[in-house]
Amino acid sequence: MTLQIDYKNEVLYGLLQRMAPSVGGISPILQEYWVCSIDPKNSPKLLGLIKSQFQHTVDGLQHLKRIHKENDGKGNLVLKVLLCPVQSKEFSITKEALLSMLIGATHQDNIRLEVKSIPMNKPLDKETNIKWSKEYWPLLWKGNPVVQDLNEIYKGLDINKISKYMKRIAELSKQQKTKCPVVSIFVDPSKDVIKSIRIDERCASDPIKHTVMDGIAEIADLELARRQERKVEDPKANNYLCFKYHVYTSHEPCTMCSMGLVHSRISQLVYLKPSLKTGGIGKNSGKREMIHLSCVLNWKFEAFQYLDEQLANEVEDIDPSIYV
Ligand SMILES: [Zn+2]
């Protein structure tokens with residue numbers, strides 16, 4: 001079977017333009033991490049400590065080497081170990097506490113701790129990988145990540161379902177005779193169930209009633225009602241409203257709505273028409289933030305523009321200065 005993947009342009013099935021940074025065109029997004037230097041003979045003890053205390057601090061950072069050997073300049077080999085962020089929302093430790101933890105585990109009292117700037121994003125080509133490895137911290141190269149990502153994404157896509165929802169979006173949008181005929185549909189893909197369909201209802205008294213925020217609010221209300229009905233704590237409930245949901249929308253969402261989608265933990269967004277001036281997702285939209293892939297946020301999702309020109313022509317353009 002031939003895969004319908006255009007690797008160069010990152011288009012799947014000839015219909016889904018993936019929104020991701022261009023190869024070679026990215027700069028490192030750096031975060032400060034604690035790195036310790038230890039005697040190689042103490043590495044098993046340190047690895048035990050890392051496993052129990054610091055494993056989660058590099059979740060999602062599979063492009064980084066955790067440990068590497070270096071010459072200390074006096075002919076001795078030392079191991080440099082990436083430990084944890086100096087400061088992050090999820091993790092916080094003082095230098096003193098960290099040092100005493102390390103000494104406690106290894107019984108080596110001359111451990112050196114230093115702060116290093118570590119790239120949170122992975123380079124998209126081998127040359128940049130080598131460059132960043134020299135400049136910042138050794139990175140692993142497992143082949144072109146774009147090809148790997150696209151193959152993974154392709155496996156998880158159901159193009160017929162996506163097309164079905166996009167047609168529905170276009171139909172609903174066409175029926176709106178307003179300045180802002182935006183429509184969004186939230187779907188729980190595990191059951192292929194629509195959780196919310198919102199049509200833009202912004203008005204003078206509520207100008208930020210955007211469909212995406214409105215959809216999240218509707219799902220929040222439903223979840224609240226469900227929990228109140230159960231009266232007891234549901235141990236299986238997760239606290240993210242749209243966990244791994246798919247969102248389909250007629251026009252690319254603004255920055256606020258894109259952030260809302262990150263916070264509610266969706267896994268996939270498909271939009272029909274780009275909002276070049278005000279959008280928060282597209283490669284060339286707004287301030288080119290591509291919020292769905294931002295390395296400074298602790299959730300990412302895949303986003304695509306649906307490239308059906310005929311369908312896009314059926315949906316009204318909106319004033320480019322309007323935040324969708
Ligand atoms: Zn919005």
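Quick note: numbers below take in every heavy atom, side chains included, and nothing from hydrogens, waters or symmetry partners. Just so it is clear, the model here is predicted, and its values are computed rather than measured. Atoms within each ligand, like the ligands themselves, are counted from 1 in listed order.
In terms of modelled atom types and a separation under 3.5 Å, the side chain of K65 and the main chain of W137 share no donor-acceptor contact.
Between the side chains of S250 and S173, no donor N or O sits under 3.5 Å from an acceptor N or O. When only modelled atom types and interatomic distance are considered, Y13 and N160 share no side-chain donor-acceptor pair under 3.5 Å.
Note on R227 versus E223: salt bridge recorded, some NZ/NE/NH1/NH2 to OD/OE distance being below 4.0 Å. Salt-bridge annotation for D319 and K179: absent, with no side-chain N of the basic residue lying under 4.0 Å from a carboxylate O of the acidic one.
Around the Zn ion (ligand 1), the protein contributes the following N, O or S atoms under 2.8 Å, ordered by chain and number: H210 ND1, C254 SG, C257 SG, V324 O.
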List the atom pairs, with distances to 0.1 Å, where a side-chain N or O of residues 30-37 and a protein N or O form a donor-acceptor pair under 3.5 Å, not counting sequence neighbours.
unit_1 : atom_1 : unit_2 : atom_2 : d
Q31    : NE2    : Q87    : O      : 3.3
Y33    : OH     : T57    : O      : 3.0

